[in-house]
Amino acid sequence: MSVWLPAAPCTPQDCARHTGAVRAPLPAALRLLAGCGLVLLGVACLPPVRLLGTGPRTRLTQRWARAVVRAFGVRVTVGRHGAAPVAGGELVVANHVSWLDIPLIASVLPGRTVAKSEIRHWPLLGPLAALGGTLFIDRDRLRALPDAVRDIAAALRSGSRVVVFPEGSTWCGRAGGAFRPAVFQAAIDAGATVRPIRIGYRAGPHAPGSAAGAVAFVGADPLAASLWRVVRAAGLTARLDVLPPLPAAGESDRRALARRARSAVLTQMRR
């Protein structure tokens, strides 16, 4: 098994279930069209947007990403926990639940995402990811790992923000996997800052208990089925907690750094 492709016990049958309110098919279809339309708009507008300065480009990306999440029917709340801005390259690491995680993070901390090479061929999302500077990795080839680490380190040295999901697979949100240490070596090599983020989904803004299963994109779940499940589920809320940064400069143990980042995310998950 590839170091980039750990196994998660979550399956669509066991985990991807919605227990809250449900939209009728017609409003759900309109949500689906709105969300996909905004993604297409992003694909069409990305080339000219890339010509803008960093500030305007960042603000437009944040607004567009937030609009995409809302178009699919998901409300967003953001918590900042002593999360001071940093200078230079920043490695954003988060737990991974859904394809919605990517626009959700982009709505707050847009950056270059590390993604599996298969996403390059997805409809709508694939072309958008490629145009947006996504760093694609071949998770099935262990020999490709050193090159991937070098590419991420180079992006960090250039001052880019790089977003990665170090669990290496999506989980349903009730539990999570270990943070794989390879990507943290890139942060150490580049002397970058590691920014942990916690992502959570609920069936409503004040819904207690377990995570919203409708959002979970796990196992062999087809993308089309996941999209339809999300737009059918009414009242979904996404919560993103931006946690204090962890400096990687001077750190020599990538595994210890990975454990520190995971501990920060898990501590926030238990609150």
Side-chain angles (χ1 to χ4, degrees), residues 10 12 15-42 58-81 83 92-111 113 124-125 128 132 163 165 170-176 195-218 221 223-243 265 268-271:
C10 308
C15 303
R17 296 179 180 179
H18 180 60
T19 57
V22 177
R23 286 191 185 89
L26 180 57
L30 293 176
R31 285 282 183 187
L32 183 60
L33 288 173
C36 292
L38 274 173
V39 173
L40 282 173
L41 180 63
T58 297
R59 288 190 292 272
L60 279 174
T61 300
Q62 290 173 320
R63 291 170 183 170
W64 169 82
R66 177 69 68 96
V68 168
V69 177
R70 289 291 294 118
F72 281 112
V74 182
R75 295 184 179 275
V76 180
T77 61
V78 179
R80 297 181 184 271
H81 306 265
V92 174
V93 296
N95 60 306
H96 203 8
V97 181
S98 172
W99 49 269
L100 273 167
D101 300 345
I102 297 172
L104 180 61
I105 291 179
S107 71
V108 178
L109 295 174
T113 304
L124 298 180
L125 296 179
L128 180 64
V163 180
F165 302 100
T170 48
W171 292 65
C172 65
R174 300 182 182 93
R195 173 77 68 178
I197 284 183
R198 155 63 184 160
I199 297 173
Y201 299 93
R202 290 289 180 267
H206 307 293
S210 61
V215 177
F217 181 48
V218 294
D221 199 11
L223 179 59
S226 178
L227 287 165
W228 184 243
R229 190 169 58 244
V230 167
V231 296
R232 283 298 307 272
L236 293 178
T237 298
R239 169 77 181 188
L240 189 147
D241 288 287
V242 183
L243 307 177
V265 171
Q268 189 64 30
M269 286 173 68
R270 296 190 184 106
R271 290 181 180 178

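We count residues from 1, following the sequence as given. Values reported hereafter were calculated over all heavy atoms of this structure, with side chains retained and with hydrogens, waters and symmetry mates removed.
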*Asks:* Going from CG on Leu38 to CG on Leu33, what distance comes out if it is rounded to the nearest 0.5 angstrom?
*Replies:*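 So the gap between those two atoms works out to 11.5 Å.
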
*Asks:* Which heavy atom of Val108 sits nearest a heavy atom of Val78, and at what distance?
*Replies:*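 Heavy atoms of Val108 and Val78 come nearest at CG2-CG2, 3.7 Å.
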
*Asks:* Distance-only, no hydrogens or angles: does the Thr170 side chain make a donor-acceptor pair with backbone N or O of Phe217 under 3.5 Å?
*Replies:*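 Present.
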
*Asks:* What distance separates Ile102 CD1 from Ser107 OG, expressed to the nearest 0.5 Å?
*Replies:*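 Ile102 CD1 to Ser107 OG: 12.5 Å, rounded to 0.5 Å.
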
*Asks:* Search all heavy atoms of Ala214 against all heavy atoms of Val230 and return the closest pair with its distance.
*Replies:*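 Where Ala214 meets Val230 most closely, the heavy atoms are O-CG2, 3.6 Å.
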
*Asks:* Report the distance from atom OG of Ser98 to atom CD1 of Ile199, rounding to the nearest 0.5 Å.
*Replies:*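 Here the rounded value is 9.0 Å.
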
*Asks:* Distance from Leu240 atom CG to Ile197 atom CD1, nearest 0.5 Å?
*Replies:*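 Between atom CG of Leu240 and atom CD1 of Ile197 there are 5.0 Å.
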
*Asks:* Indicate the atoms forming the closest heavy-atom contact of Trp99 with Ser226, along with that distance.
*Replies:*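 For Trp99 and Ser226, the tightest heavy-atom pair comes out as NE1-OG, 2.8 Å.
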
*Asks:* Quick one: CZ on Arg80 to CG on Leu243, what's the gap to the nearest 0.5 Å?
*Replies:*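 Rounded to the nearest 0.5 Å, the CZ-CG separation comes to 11.5 Å.
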
*Asks:* Please check if the side chain of Thr113 supplies one atom and the backbone of Val163 the other of a donor-acceptor pair under 3.5 Å.
*Replies:*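 Checked: no pair found.
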
*Asks:* Is there side-chain contact between Val93 and Arg195, with at least one heavy-atom pair below 4.5 Å?
*Replies:*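 Contact flag for Val93/Arg195 side chains = no.
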
*Asks:* Parallel, tilted or perpendicular: which fits the ring planes of His96 and Phe165, with parallel below 30° and perpendicular above 60°?
*Replies:*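 It falls in the parallel class, under 30°.
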
*Asks:* Taking side-chain contact (heavy atoms from CB on, under 4.5 Å) as the test, write out the residues that go with Ala238, two or more places apart.
*Replies:*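 Result, side-chain contact (heavy atoms from CB on, under 4.5 Å) vs Ala238: Val74, Leu104, Tyr201.
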
*Asks:* Is there a donor-acceptor pair closer than 3.5 Å between any side-chain N or O of Arg70 and the backbone N or O of Gly35?
*Replies:*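 Here the side-chain-to-backbone pair does not exist.
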
*Asks:* Side chains of residues 22-30: which donor-acceptor partners sit under 3.5 Å, not counting sequence neighbours?
*Replies:*
| from | atom 1 | to | atom 2 | distance (Å) |
| --- | --- | --- | --- | --- |
| Arg23 | NH1 | Val231 | O | 2.9 |
| Arg23 | NH1 | Ala233 | O | 3.0 |

*Asks:* Looking at every non-hydrogen atom in both residues, tell me the closest pair between Asn95 and Asp101 and how far apart they are.
*Replies:*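 Residues Asn95 and Asp101, closest heavy atoms: O-OD2, 4.0 Å.
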
*Asks:* Determine, step by step, whether Asp221 and Arg229 satisfy the salt bridge (Lys or Arg N to Asp or Glu O under 4.0 Å) criterion, reporting the C-alpha distance in whole Å, the side-chain angles of both residues, the deciding distance to 0.1 Å, and the verdict.
*Replies:* CA-CA 11 Å; Asp221 199 11; Arg229 190 169 58 244; 2.5 Å; yes

*Asks:* State, to 0.1 Å, how close His18 and Leu236 come at their nearest heavy-atom pair, and which atoms those are.
*Replies:*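 Heavy atoms of His18 and Leu236 come nearest at CE1-CD2, 4.1 Å.
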
*Asks:* Could you grab the distance from atom CZ of Arg198 to atom CZ of Arg239, nearest 0.5 Å is fine?
*Replies:*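 Answer rounded to 0.5 Å: 10.5 Å.
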
*Asks:* State, to 0.1 Å, how close Ala94 and Ile105 come at their nearest heavy-atom pair, and which atoms those are.
*Replies:*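 Closest pair (atom of Ala94, atom of Ile105, distance): CB-CD1, 3.9 Å.
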
